[in-house]
2 protein chains.
Amino acid sequence: EQAVVSGIAFTRNEAKVTLQRVADRPGVAAAVFGPLADAGINVDMIVQSASLDGKSTDITFTIGRAELPRALEVLKAIKRKVKFDRAATDAEISKVSVIGTGMRSHAGVARRMFETLAKNGINIQAISTSEIKISVLIEEKFTELALRALHTAYGLDSA
Amino acid sequence: EQAVVSGIAFTRNEAKVTLQRVADRPGVAAAVFGPLADAGINVDMIVQSASLDGKSTDITFTIGRAELPRALEVLKAIKRKVKFDRAATDAEISKVSVIGTGMRSHAGVARRMFETLAKNGINIQAISTSEIKISVLIEEKFTELALRALHTAYGLDSA
Ligand SMILES: C[C@@H](O)[C@H](N)C(=O)O
Ligand SMILES: C[C@@H](O)[C@H](N)C(=O)O
């Protein structure tokens, strides 16, 4: 395929929130993000993998790091209406993205991104994709290493 | 916020694959998508929520529906190298996306999308976001209902 990776982007002012075992039925996602929207919380990434038992699943989302205390307050209120086991938060994360055009399939570009991070011992905490982007969450301390390794892997180093 | 939703998009020729409880350590994602890339499988969405126990997590991805038999063969090979509990597949899904500009926060647009689907009894199986898009996987039979309801919810019905 003629996929061309044009750049690597990153943000490092976000925090990750994971809601463990929310009920997997209509209305639950709305009950989580409605109050966050009402509170003016800046939500960037939302990632939900499919449930396997048809009963519950996890939702991970990212917000502005400075909004974490406020988001935790909102989550206390959400917990009265939406059943979930617990909310885990992590402020020491970075979002790193590979931006490409002509990615008819993400498999090849994803494999190179994931292999590059693996070679450098960087664990991939979450993954989200769009037509032109593959984004991952990693531990913030690995940001520079990830960026350098990805630039090299995709031939983006300035000559 | 001045978010403007400019359109609703959908695809209905995909199938969903969920790998349950893959080990959450470096190299695992690469070991899954490398072989899929080698087999020329068309991978669209990749969604991985963060692990809560630090040991394992689930990965959901979508592929062309016609490629499901081939992907299952590849997964058999992957299972010899990558530990996961099982691979669940579902060919009766649709991907529906809300496309917006100026979405500084996804919370408001997401809430309206999720509430609209919930009001119509449509369960959200997976969620993925990018700067300009919120995508969900739903049961394929609800595609037209979802599209009509979302057009109305965002004021996109032709007058
Ligand atoms: C988990 C959550 O996405 C739920 N399935 C809903 O539709 O709201
Ligand atoms: C689960 C998978 O993403 C793993 N954390 C990896 O880094 O490859």
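Lettering follows sequence order; numbering is per chain, from 1.
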**Student:** Please flag which part of S135(B) lies under 4.5 Å from any non-hydrogen atom of chain A: side chain, backbone, both or neither.
**Tutor:** neither
**Student:** Show your working on side-chain hydrogen bond (donor to acceptor under 3.5 Å, both in side chains) between D58(A) and S49(B) and close with a plain yes or no.
**Tutor:** CA-CA 7 Å; D58(A) 303 337; S49(B) 180; 5.1 Å; no
**Student:** Would a distance-only check, ignoring hydrogens and angles, find a side-chain to backbone donor-acceptor pair under 3.5 Å from S105(A) to A107(A)?
**Tutor:** yes
**Student:** Highest number of heavy-atom pairs under 4.5 Å with chain B: which of E115(A), K133(A), Q20(A)?
**Tutor:** Q20(A)
**Student:** Between chain B and each of V47(A), L137(A), I59(A), L52(A), count heavy-atom pairs under 4.5 Å; write down the option with the most.
**Tutor:** L52(A)
**Student:** Based on non-hydrogen pairs under 4.5 Å, which of P26(A), A88(A), A29(A) is most in contact with chain B?
**Tutor:** P26(A)
**Student:** Is a salt bridge present between E73(A) and R70(A), judged by a nitrogen-to-oxygen distance below 4.0 Å?
**Tutor:** no
**Student:** Starting from F61(B), can I reach L68(B) by hopping between I/L/V/M/F/W/Y residues whose side chains sit under 4.5 Å apart?
**Tutor:** yes
**Student:** Given the options T60(B), I46(B), L117(B), which has more heavy-atom pairs under 4.5 Å with chain A than any of the others?
**Tutor:** I46(B)
**Student:** Against chain A, work out which of M45(B), R112(B), R86(B), M113(B) has the most heavy-atom pairs shorter than 4.5 Å and name it.
**Tutor:** R86(B)
**Student:** Between A50(B), G121(B), A118(B), who has the most heavy-atom pairs with chain A when the cutoff is under 4.5 Å?
**Tutor:** A50(B)
**Student:** Which one, V28(B), I132(B), I127(B), V136(B), leads in non-hydrogen pairs under 4.5 Å with chain A?
**Tutor:** I127(B)
**Student:** So, applying side chain to side chain contact (heavy atoms under 4.5 Å, CB included) with S56(A), which one of K83(A), R21(A), R25(A) is it?
**Tutor:** R21(A)
**Student:** Examine K95(B) relative to F10(B) and say whether NZ or CZ is less than 6.0 Å from the centre of the six-membered ring and inside a 45° cone about the ring axis.
**Tutor:** no
**Student:** Do you know which of I122(A), I134(A), L36(A) has the most heavy-atom pairs under 4.5 Å to chain B?
**Tutor:** I122(A)
**Student:** So does N42(B) get a backbone contact from the side chain of E67(B), meaning a donor-acceptor N/O pair under 3.5 Å?
**Tutor:** yes
**Student:** A side-chain contact here means heavy atoms from C-beta on lying under 4.5 Å apart; do D44(B) and I63(B) qualify?
**Tutor:** no
**Student:** Relative to chain A, which segment of D38(B) carries a heavy atom at a distance below 4.5 Å: side chain, backbone, both, or neither?
**Tutor:** both
**Student:** Quick one: of G64(A), S97(A), G34(A), S51(A), who has the most non-hydrogen atom pairs under 4.5 Å with chain B?
**Tutor:** G34(A)
**Student:** Considering only heavy atoms from C-beta outward, does the side chain of L19(B) approach that of L75(B) to under 4.5 Å?
**Tutor:** yes
**Student:** With a 4.5 angstrom heavy-atom cut-off, could you sort out which part of T57(A) is near chain B: side chain, backbone, both or neither?
**Tutor:** neither
**Student:** Sort out for me which of E131(A), K119(A), K16(A) touches chain B most, counting heavy-atom pairs under 4.5 Å.
**Tutor:** E131(A)
